[in-house]
Structures are given as C-alpha cells and as structure tokens.
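Here is the structure we will look at.
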Amino acid sequence: MFDVRLLRAEPETVERALADKGGAELVRRVLAIDERRRARVREADDLKAQRNRASELIAQAKRRGEDAAADIARQREVGDRIKVLDGELRTIDDELEGLVAEIPNLPHPSVPPGTSDADNVEVRSWGTPREFGFVPRPHEELGEELGLLDLPRAARMAKARFAIMWGPLARLSRALAQFMLDLHTREHGYTELWLPQLVNGETMLRTGQLPKFEEQLFKTQEADEGRTLYLIPTAEVPLSALHFDETLPEASLPRRYTAYSPCYRREAGTYGKDMKGIYRQHQFDKVELVKIATPEQADAELESMVDNAETVLRRLELPYRVVERCVGDLGFSTTRGYDIEVWRPALGKYTEISSCSNYGAFGGRRGKIRYRSAAGGRSEFCATLNGSGLAVGRTIIAVLENYQEADGTVTMPPALAPYLNGLERLTAER
RNA sequence: GGAGGGGUGACCGAGCGGCCGAAGGUGCGGCACUGGAAAUGCCGUGCACGGGCGAACCCUGUGCCGUGGGUUCAAAUCCCACCCCCUCCGCCA
C-alpha cells in the first residue's frame, strides 16, 4: 500500500519515480480525492464535536429535570447531517482506497533501468558448469526413464501439470526440504512455522493476491457453508499475514521466518509454456523465507536473504547466478529484488529457482504491521521482505540435470547424505 | 451436528442509554522510604486518524469496549447480522 502522505508531500517526486511503472497519472487523481476526503472529515468531525457538546447539555438539563425537547429537535437535524456526511465519506474512502491500491511501490534509487527481464543485470555467479562426456538430458527424460517421475498417472487422477514422484525421488524431495529448513533455522537464524494452507479472501486481498491474481488461485468451499477459502500459492501468504494489525517491539526486529509448504497455482494463461517436466506445476513444494524489519534494516536484510538462498545452492554444489531485477521486471509491491538462476545443463542456460524481494514499508502499510521503539513515540510501519529458499521442485530439476551420469542414473549431492539414509544414487526402479 | 455460556485497556475484571476512554486490581514506569532490596506510600501509564507551522514538546477534534449495520438528540450499555472463544453431548483423523 502506497504512502499517501508521501504522495501529498512530494507529488512531483512520486510522479517522476513512477513514470516507468506507469502510475503517474494516478497521483493527481488521488491527491484530488484525498483533498476532498479531508475536507469532508473535517466537516463531519466539527459537527460531531457540536453534537457531543449539545448532548452533554441535554443530559445536564435532564438531570435537573428540565425539558430539553427543543434542543433534541435541533440535534436531530445535526445527526441527520452527520449521517449523510459519513455516508459520503465512506464512498470517498472506498474510491480513494481503490486508487491507492493501484499505485505500485517506488523502485529503490539503485535499481537498474529496463522494461523486461532481458534488462536484468547479472551481479554475480558461482560455480562452474560441469563438463559432461555426453549430451546431458532434461530432467523429465531422466526421471521417467528411471521410473521415478510419473506424469501420465498424475494427469489421469488429477490433470496436466501434476506429478507423482516414486520412491527415492520422493525421498529426495523430502530430503531437500528438510535440508533447506535445517540450514535456515540452524545457521541463518530463521524460525520455522507450520501454517494454514487454505486462507480466506481477506487474507488474499491483504497479501496482494486478490483481486489481481484471482485466476491464478484454486478456490474451495466448505460443503454446507458458503464460505470460500483459497489454497495458498506460496507460504508467503500466511507467513506475511502472521503479524497483520500488530505493533511489534523494535528490539524484536528483524524477524526471520521460514516455512515449508505446498504451493497451488492455476497457471492460467501459461498453457503451452514450460510444459515439459515439472518446471511449472499446479502443485509444488517450497521453503519460503519472510522477514519483517525496520525500513533502515531492509536493504541489508535483502542482501543476507539472497545469500541465505544462495547458500542452499552452494552446499548442493549447483552452479548459479544472481541477477538484479530491473525497474520493469520488479513486481507491483517490490522496491528492489534479485532472482537466483540455477544452471540447467540440458538447456545450456540458467533458469529461475528463487526470487527475493524487498517490499519496504509498502508491505507493512498494506498489512498494518508496525513497530515501536523502546523509547516510545509514534509507531512506524515495518518493512517486509520475502524470498524462496528454495523452490523444491525446481531444485529437484537442478539436481537431476547437474548430477546425471552417462548411464542415466543420478548421483546424490554429498550435502544431502544426512537426509537420504544411505541413498547415494537414483537408479531405475525394478 | 445438538444444547448452553462468553468476547471490555498489556492482563484480570466492573460497568442503571447521558456524569464512561471506561471503576477496581495486576503488571509496567517514575518518585519516596532503604546500606541495598522486599514490603509500603504517592504520581503516572492506550491506539489510530485529522487540525493547530506535518521539527520537537505540547494543545485540540474525531473515532475506537470482537466486526459490521441499525435505533436514539445521545450506545460499551438496546436491536440485527456475522466472526471468534469456551463447556457438555454426538461424530471423527
């Protein structure tokens, strides 16, 4: 949620900053409505003050046993007028809120210019892609030939873009998730949470999923009640909703949370895109990272969050690169963000495996997450950050493709040994 | 699913439609007392939004007693709807 006060104070700055993101003309409309709103608030407040004074006088008169019929009659009109004003105010508020909700966050001044992911800037890379003595094959071929990745049966019982993982591959998936969680909780200072995977519409609204991404969500209904619940598209949703409407002590910041959860996405409008294998699925697992910090802490916390996610890949010895997203590729709420892309031998390029974003106070304002310093004083909105640490399905892809052997088997990364109960290699199921 | 009870400030808990932003207690902060502490005493102790010069302190207006409506000159208090919690019974991983 954009800060209307900033918009009031420096409209030109905001217009200029949003030129690339296409939100500039909104500024003037919002300012006009905001002006109207404040005038109305003032008028209504004045009338209410008058009403309160008059009510007090009426009360006193009644206590003295005097007749206050005339005053009461006069006050009735004031009450009616207040009711009208409050009604108008509600309309104005809705309109204003709707408009403000359309204003995207301001990009951090350091964000590189650009219009699409083609303009993203590589900031570093790690690892050297392995030399294969053969032509490396895509993960879906490896998985299916090993009899461990089963897409046809999944499509039969559900629909396309669902998967079944057999035996050791399922175990690999579980091992990866546990490895990531242990890393983040034991070494990176995150607290693990287990959360609802279905949430109500209001939570979806306030986490920015609705109404914009309604067609990307799976929706459920309790059988005999009308209530709608949505399957989460990422644990970011319940994780960032955790402290909505709370004021946190500044000393408790930054807070670092992680959660492992399945993610459900309809992926409407992406048919024909990424249809091979399990790169883009309706259901996948992810270890999510969320931070709540002061705005001053947020920049450093973004850097450490990216490093936390990179550490997963370094431990797994998977080559990757980090790109900073350009202005045009930043999400609506993001002020600054990085993508981590892992090496895909079968494709001969890097593909996305994590995305880390700093929402700044924009995120805190939307969820009304505040903090107050020990010294007291006014509360301020927290900055929120989130990132994947990592998407498990895509990590499986990277392991299969980078660790494949000429005979079609797949060696397991040494870092996973404690989680695999002796499994060192994926081989064909008999 | 059936029957009943309840949601008030950080916590417990009172509250006849006006004198209630809300008694009392606990907690917390300060001061006094003490060699120091405990105990005790005194004082203080909500949030949001707007205005006063959007620096601070401060002053001031409005709103907030689960949420949203309604009745009324006036609602924590009356009415309606919804949400949540608790107890008992039933069912159940």
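In what follows, chains are A, B, ... by sequence order, proteins preceding strands, each numbered from 1.
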*With rounding to whole Å, what would you report as the distance between C42(B) and C47(B) at their P atoms?*
25 Å

*Could you tell me which non-hydrogen atom of Val100(A) sits nearest to which non-hydrogen atom of Phe2(A), and how far apart they are?*
CG1-O, 3.7 Å

*What interatomic distance, in whole Å, is found between C1' of G21(B) and the corresponding atom of A10(B)?*
16 Å

*G68(B) and C11(B): how far apart are their C1' atoms, nearest whole angstrom?*
27 Å

*asked:* If I pick the C1' atom on C19(B) and the same atom on U77(B), what distance separates them, to the nearest angstrom?
replied: 15 Å

*Looking only at side-chain N and O atoms, does Arg372(A) come under 4.0 Å of OP1 or OP2 in C47(B)?*
yes

_Any strand counts, and the cut-off is 3.5 Å on both contacts for Watson-Crick or G-U wobble. Which nucleotide pairs with U67(B)?_
A81(B)

*Taking atom P of G50(B) as reference, at what distance in whole Å does atom CZ of Arg36(A) sit?*
17 Å

*Spacing between Arg370(A) atom CZ and G46(B) atom P, to the nearest angstrom*: 17 Å

*Please tell me which of the listed nucleotides, G18(B), C73(B), G50(B), lies nearest to the side chain of Ile72(A)?*
C73(B)

_Nearest-angstrom distance, C1' atom, C59(B) to C53(B)_ = 14 Å

*Considering Watson-Crick and G-U wobble pairs with both distances under 3.5 Å, what does U40(B) pair with?*
A32(B)

*For G18(B) and A3(B), measure between their C1' atoms and round to the nearest Å.*
39 Å

*asked:* Is the ring pair Phe218(A)/His282(A) parallel, tilted or perpendicular, if the boundaries are 30 and 60 degrees?
replied: perpendicular

*Heavy-atom distance under 4.5 Å between the side chains of Phe362(A) and Thr334(A), does that happen here?*
no

*Minimum-distance pair of heavy atoms, taken over all atoms of Arg280(A) and Arg161(A)*: O-NE, 3.2 Å

_Nucleotide forming a Watson-Crick or wobble pair with G50(B), both distances under 3.5 Å_ = U60(B)

*asked:* What is the distance, to the nearest angstrom, from the CD atom on Glu202(A) to the C1' atom on C82(B)?
replied: 13 Å

_Shortest non-hydrogen separation from Leu426(A) to Pro168(A) and the atoms involved_ = CD2-CB, 3.6 Å

_Under-4.0 Å side-chain N/O to phosphate OP1/OP2 contact, Ser379(A) with A48(B)_ = yes

_A10(B) pairs with, by Watson-Crick or G-U criteria that keep both distances under 3.5 Å_ = U26(B)

*Begin from the C-alpha positions of Arg372(A) and Glu380(A) and carry the test salt bridge (charged side-chain N to carboxylate O under 4.0 Å, His left out) through to its verdict.*
CA-CA 7 Å; Arg372(A) 193 190 312 282; Glu380(A) 306 282 347; over 6 Å; no

*Could you work out the separation of A38(B) and C49(B) based on their P atoms and round it to a whole Å?*
38 Å

*Name the orientation class of the two ring planes belonging to His188(A) and His184(A) (parallel below 30°, tilted from 30 to 60°, perpendicular beyond 60°).*
tilted

*State plainly whether the residues Arg42(A) and Asp45(A) are in salt-bridge range, i.e. N to O under 4.0 Å.*
no

*Given the C1' atoms of C12(B) and C31(B), what is the spacing between them in whole Å?*
27 Å

*Starting at atom CG of Asp93(A), determine the distance to atom C1' of C49(B), rounded to an integer number of angstrom.*
11 Å

*Could you pick out which residue, Glu77(A) or Arg37(A), lies toward the 5' side of RNA chain B when each is mapped onto its nearest nucleotide?*
Arg37(A)

*Does any nucleotide pair with G1(B) by Watson-Crick or G-U wobble geometry, both distances under 3.5 Å, and what is it?*
C89(B)

*Encode nucleotides 52-71 of chain B as B, S and - characters from 5' to 3', where the letter depends on protein heavy atoms closer than 4.0 Å: B to the base, S only to sugar-phosphate, - to neither.*
---------BSS-----S-S

*Under 4.0 Å between any heavy atoms, over every strand shown, what does Arg5(A) touch: base, sugar-phosphate, or nothing? Just pick one.*
sugar-phosphate

*Spacing between Asp71(A) atom CG and A74(B) atom P, to the nearest angstrom*: 13 Å

*Expressed in angstrom and rounded to an integer, what is the separation of Glu246(A) atom CD from C47(B) atom P?*
16 Å

*Identify, between Gln75(A) and Arg8(A), the residue whose nearest nucleotide on RNA chain B lies closer to the 5' end.*
Arg8(A)

*Atom CD of Glu56(A) and atom P of C19(B): how far apart are they, to the nearest Å?*
6 Å

*Which atoms form the tightest heavy-atom contact between Glu301(A) and Ala293(A), and what is the distance?*
CG-CB, 4.3 Å

*CZ of Arg76(A) versus P of U72(B): gap in Å, rounded?*
8 Å

_Side chain of Arg38(A) only, heavy atoms from C-beta on: which candidate in C19(B), G51(B), C49(B) is closest?_
G51(B)

